[in-house]
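Sharing a structure with you now.
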Amino acid sequence: MKKFLLYAIPMLFLLVAGACSPQAPRANYLDIMSLPTAERFQAQEIREYQGARLDPAIGPRDNSISGIPVVDLDTYRLDITGSVDTQRSYTYDAVLAFPSETRLITLHCVEGWQATVLWEGVRLVDLLESAGPSEEARIVIFHCIDGYTTSLTLEEIREKNMLLAFSANGAPLPEPLGRPFIVLAESRYGYKWARWVESMELSTDTNYEGYWEERGFDNDARLPDELLFPAP
Ligand SMILES: Nc1nc2c(c(=O)[nH]1)N[C@H]1C(S)=C(S)[C@@H](COP(=O)(O)O)O[C@H]1N2
Ligand SMILES: [Mo]
């Protein structure tokens with residue numbers, strides 16, 4: 001028994017460590033995160049937009065499920081798969097070639113903090129339509145480089161014309177916020193804002209649950225009316 005434990009404990013440790021550390025190298029932003037809010041702005045970031053005060057793109061903490069991955073933009077691909085006519089695989093530059101929009105949106109985490117950021121992104125519908133979603137497709141599952149998953153309904157993505165952002169406060173999206181891309185899941189809690197997205201899977205499974213949803217968080221994740229911006 002003792003001998004078994006001698007092997008079992010280190011093996012268990014290796015297994016857990018392995019599952020939590022995908023291939024991509026990790027970034028360390030602890031020095032920036034520990035600064036007071038006003039000092040966390042990066043040089044290129046704007047701090048105000050049409051009278052609204054913006055928050056720094058790098059937040060005070062990192063709650064991501066396995067640290068901040070560093071993504072190589074030269075080899076990066078955004079895949080569109082699942083219930084589609086033609087699968088697509090876009091380079092970083094090919095995604096940026098889609099028409100973009102600028103929007104001021106606040107991200108609210110269930111833990112109570114928030115960040116109001118001026119985002120720039122391409123329209124998710126344009127990307128999805130380029131693959132031709134099937135008639136039966138109902139949801140989009142976002143798969144992320146750190147192993148995170150979450151989903152949104154196709155109907156809502158279309159209705160809100162949701163964006164896939166590549167820029168925050170006028171600067172390229174920083175690594176902690178999801179470089180190269182974050183889903184701006186307007187009016188949904190932060191756990192629907194997939195960061196470091198690497199594939200978007202069209203699916204017919206309306207009961208699908210992502211990483212936090214599977215662990216008890218509401219699949220709808222709708223913000224209460226008082227947190228909606230602009231107010232309804
Ligand atoms: N890939 C990935 N995306 C993710 C997460 C994550 O762990 N991995 N966390 C989600 C949560 S809970 C929030 S609130 C926002 C912002 O995460 P942060 O608190 O780590 O800044 O990203 C969301 N997107
Ligand atoms: Mo969160």
Side-chain angles (χ1 to χ4, degrees), residues 19-35 37 40-42 45 54-73 76-79 92 95 105-119 121 124 139-152 156-157 162-169 171-201 208-224 227-229:
C20 296
S21 56
Q23 266 65 348
R26 315 269 106 194
N28 183 359
Y29 280 87
L30 290 178
D31 45 344
I32 298 178
M33 286 168 179
S34 62
L35 295 171
T37 307
R40 283 200 314 275
F41 282 102
Q42 305 288 284
E45 280 181 75
L54 301 174
D55 290 311
I58 296 180
R61 68 199 126 203
D62 168 34
N63 294 325
S64 38
I65 59 160
S66 57
I68 298 164
V70 178
V71 178
D72 178 359
L73 297 187
Y76 171 85
R77 293 289 181 281
L78 176 64
D79 296 331
Y92 178 68
V95 175
I105 315 175
T106 305
L107 185 163
H108 294 270
C109 172
V110 279
E111 290 190 319
W113 59 266
Q114 61 186 70
T116 300
V117 170
L118 181 67
W119 309 91
L124 279 172
I139 67 160
V140 179
I141 303 171
F142 299 95
H143 299 269
C144 309
I145 286 166
D146 59 343
Y148 189 75
T149 52
T150 189
S151 66
L152 291 167
E156 186 177 22
I157 290 172
M162 284 177 171
L163 303 178
L164 183 71
F166 54 82
S167 158
N169 296 339
L173 195 70
E175 281 155 345
L177 251 194
R179 179 179 162 90
F181 301 118
I182 182 174
V183 173
L184 308 185
E186 288 178 53
S187 76
R188 308 282 141 172
Y189 275 112
Y191 60 90
K192 289 290 182 183
W193 295 51
R195 289 176 288 166
W196 313 293
V197 181
E198 63 176 347
S199 80
M200 309 199 280
E201 178 192 348
Y208 174 84
E209 291 183 336
Y211 183 91
W212 284 123
E213 293 87 336
E214 225 177 19
R215 288 160 178 77
F217 285 88
D218 178 27
N219 205 5
D220 204 35
R222 202 189 144 76
L223 290 176
L227 293 183
L228 291 180
F229 178 84

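Remember, it's 1-based here, ligands and their atoms both numbered in the order they're listed. Everything numeric here is computed off the predicted structure, so don't read it as measured data.
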With heavy atoms and a 4.0 Å threshold, my read on which part of C144 contacts ligand 1 is side chain
Numbered in order shown, the ligand 1 atoms found under 4.0 Å of a heavy atom of W196 are 1 (N), 2 (C), 8 (N)
For C109, the ligand 1 atoms with a heavy-atom partner under 4.0 Å come out as 14 (S)
At under 4.0 Å between heavy atoms, what of F217 touches ligand 1? The answer is neither
Logged contact type for N63 with ligand 1, heavy-atom cut-off 4.0 Å, is both
Going by the 4.0 angstrom heavy-atom rule, the piece of W193 near ligand 1 is backbone
for atom 8 (N) of ligand 1, nearest protein heavy atom and its distance come out as D146 OD2, 2.7 Å
Counting distance only, does the side-chain N/O of R40 pair as donor-acceptor with the main-chain N or O of P56 below 3.5 Å?
no
Heavy-atom donor-acceptor pair, R179 side chain to V71 backbone, under 3.5 Å = no
*Steps toward side chain to side chain contact (heavy atoms under 4.5 Å, CB included) verdict (L152, V183)*: CA-CA 10 Å; L152 291 167; V183 173; 3.9 Å; yes
*Donor-acceptor under 3.5 Å (K192 side chain, A221 main chain)*: no
Pairwise side-chain contact, F166 with I182, heavy-atom cut-off 4.5 Å (strictly under) = no
- prompt: Measuring from the heavy atoms of W113, does anything fall under 4.0 Å of ligand 1?
  reply: yes
Nearest heavy atom to atom 21 (O) of ligand 1, choosing from K192, H108, M33, R195, belongs to R195
OG1 of T150 to OH of Y189, rounded to nearest 0.5 Å, is 14.5 Å
Here the gap from I68 atom CD1 to L177 atom CG, rounded to the nearest 0.5 Å, amounts to 9.5 Å
closest protein heavy atom to atom 10 (C) of ligand 1 is G190 O, 3.7 Å
Counting from 1 in the order shown, the ligand 1 atoms closer than 4.0 Å to a non-hydrogen atom of D62 are 20 (O)
Legend entry - I65-ligand 1 polar pair, N/O distance under 3.5 Å: yes
TODO: Flag the pair S64 / R195 as yes when at least one side-chain heavy-atom distance between them is below 4.5 Å, and no otherwise.
DONE: yes
